[in-house]
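I have placed the structure first, in the form of C-alpha cells, so that the comments after it can refer back to it.
A note on names: the letters A, B, ... follow the listed sequences, proteins ahead of strands, and every chain is numbered from 1. Note that the structure is a prediction, hence the values are computed from the model and not measured.
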Amino acid sequence: MEDVHEGPRPRITTSQLAQHVGQPVCFVGRMQKIHPSGKMFVLSDGEGKSATVELSEPLDEEISGVLEVVGRVTNQATIMCMSYVQFREDKSPFDTYLMSRP
Amino acid sequence: MGKNMPHLGSEYQHSVSSYVKDWAIVQVRDQAGDGAAAFMSSAHEDQGGYVQSPGGFGSPAATQDKRPKSRSQNIVPCTVSQLFSAQQVDETFQVRDVEISQVLIMGLIRQAEKAPTNILYKVDDMTAAPMDVRQWVDTDEAGSENIVVPPGTYVKVAGHLRSFQNKKSLVAFKIKPLENMNEFTTHLLEIVNAHMILRKQTKEGSKMFQSLSSPGMGTVSYGGLSNLPVNGLTVHQSQVLNLIKTCSLPEGMSLQDLQSQLHNINMTTIKQAVEFLSSEGHIYSTVDDEHYRSTDAE
C-alpha cells in the first residue's frame, strides 16, 4: 500500500473523475463487468454512470456486488486501484445512490 | 427506504431546514439500530440531578445536552480528519467550537496488532490517514474482547479522544463490525448534522449563560426569565437559595430575613422553598428550624 492511504481521499462519483485527475480518491460502485484479463473492471456509481478501474495485478477472485476502490485518477479518467474493499450485503442491500449524495 | 431517502439528500444540499433535521434524526434512530441512537440516548439519561445544565434551550436533537461547566456528556460522530485537526483546550478537545470528548467514527480496519493487554487497530475512513484505535483487553475474561476484528472490515468505533505527544488516538470502549453499509452513509450525514446542531447550541448556550450570570448571584430580580427553571429549581426556590448563599453568618439566614428581602414571596412559599431546598441538600438548618445555611457556601 502506498502513501495513497495516508491522506484524505474524497469520495467521488463518475462525473467528478475529471476534476480529480492525478489525485487519490475513493470510489464506491457496483461491479458491472470484469475484463477477461482480470486487470480491469467496470463499476457503476450511485448515479448509474460507469467508471473503469485498472489494477496493477489481475484479480485473483471473482468478486461482485458493491466495491469501494481507493486509488489515483489517471489522465484517461480511469482509476488506478491501490486497494479495494467489498461492501457487505449479506444482511441488507447497499444503496449506492444514497452515498453519492453530497 | 426507497423513495423517501433521495428527498433527504437533495434537501440537505440546499439548506438544513428544521424538518429535515428532525427527520434525519428519526431516520438515524431507525437505521443505526443499537448503535448511535443508543449511545446518544444513554448520554442524555446521564444527568445527575445536582449538576448545572442550561435545560430549556429547546435543542431539536434531543440527544445533545450541553453543560459548559462540567464535562461534555455527548458522543459526537466525527471524521478522522476532524479528530486530527481538533485543538486541545484545557482538558477537552474542540473542533471549530464544538467540544468533543467521546466520539463515534466508522472506518475500515487496515491493521490489527494484538498485544497481551490491548489490541491496536488502524482505522481508516478515507478522510485522512488511518487513526490509531486502542482497545483494552480484559485479561481475566475470555470473551468477545479477545476476538480481533480482521483487517478489511468496516467497523463502528466509539471511544475517547486522546492526544499524546501531539499524536491523536482513540481509546475505544466499543468496536463493532458494520453489518449494514447503509449505516456508514447515515454516519456521514450524522456527522454533518451533529456538528451543525452542536455548534448552534454552543453559540446559543454561551449567550444565554451570559445573561443568566450577569444579574449576579446575590440579587433578587431575574427579570424576564421568570418561566425558565434554572438548575431544576423554580424561580422562588432559586431566589431563596441565592439569598441564603450570600449569608456568611454562622447561624445562617432566618426565615424572617428571607421574607424581608424577598418582598414578592409570601411566608408560605418561602417555607415551601426552604423545605424543598433542605430536602435536596442545598441548605441545612442551624440553630433552629428558622435558620438556614447553604451547603455550597465558600
Return all side-chain donor-acceptor pairs below 3.5 angstrom for residues 57-66 of chain A, not counting sequence neighbours, or 'none' if the list is empty.
{"unit_1": "A:E61", "atom_1": "OE2", "unit_2": "A:Y84", "atom_2": "OH", "d": "2.9"}

Check: residues 75-88 of chain B side-chain donor-acceptor pairs under 3.5 Å, at least two apart:
{"unit_1": "B:T79", "atom_1": "OG1", "unit_2": "B:S81", "atom_2": "OG", "d": "3.2"}
{"unit_1": "B:T79", "atom_1": "OG1", "unit_2": "B:Q82", "atom_2": "N", "d": "3.2"}
{"unit_1": "B:Q82", "atom_1": "OE1", "unit_2": "B:T79", "atom_2": "N", "d": "3.0"}
{"unit_1": "B:Q82", "atom_1": "OE1", "unit_2": "B:H195", "atom_2": "NE2", "d": "3.4"}
{"unit_1": "B:S85", "atom_1": "OG", "unit_2": "B:S81", "atom_2": "O", "d": "3.2"}
{"unit_1": "B:S85", "atom_1": "OG", "unit_2": "B:Q82", "atom_2": "O", "d": "3.0"}

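- Taking the ring centroids of A:F87 and B:Y154, they lie under the 6.0 Å cut-off.
- Residue-level contacts of residues 11-26 of chain A with chain B, in order of numbering, are A:R11, A:C26; threshold 4.5 Å between heavy atoms.
- Contact of A:E68 with chain B is made through the side chain alone, with heavy-atom distances under 4.5 Å.
- Taken from CZ in A:F94 to CG in B:N180, the straight-line distance is 8.5 Å, to the nearest 0.5 Å.
- Within the structure, salt bridge (charged side-chain N to carboxylate O under 4.0 Å, His left out) pairs that include any residue of residues 25-45 of chain A comprise A:R30-A:E89 (at least two apart or interchain).
- Pairing each heavy atom of A:P8 with each of B:T127, the nearest pair is CB-O, 3.0 Å.
- For the pair B:N182 (side chain) and A:D95 (backbone), a donor-acceptor distance under 3.5 Å is present.
- Enclosure of atom CZ in B:R96 is not indicated, since only 12 or fewer non-hydrogen atoms of other residues, nucleotides or ligands lie within 6.0 angstrom.
- Here the side chains of B:R110 and A:S83 are in contact, with some heavy-atom distance below 4.5 Å.
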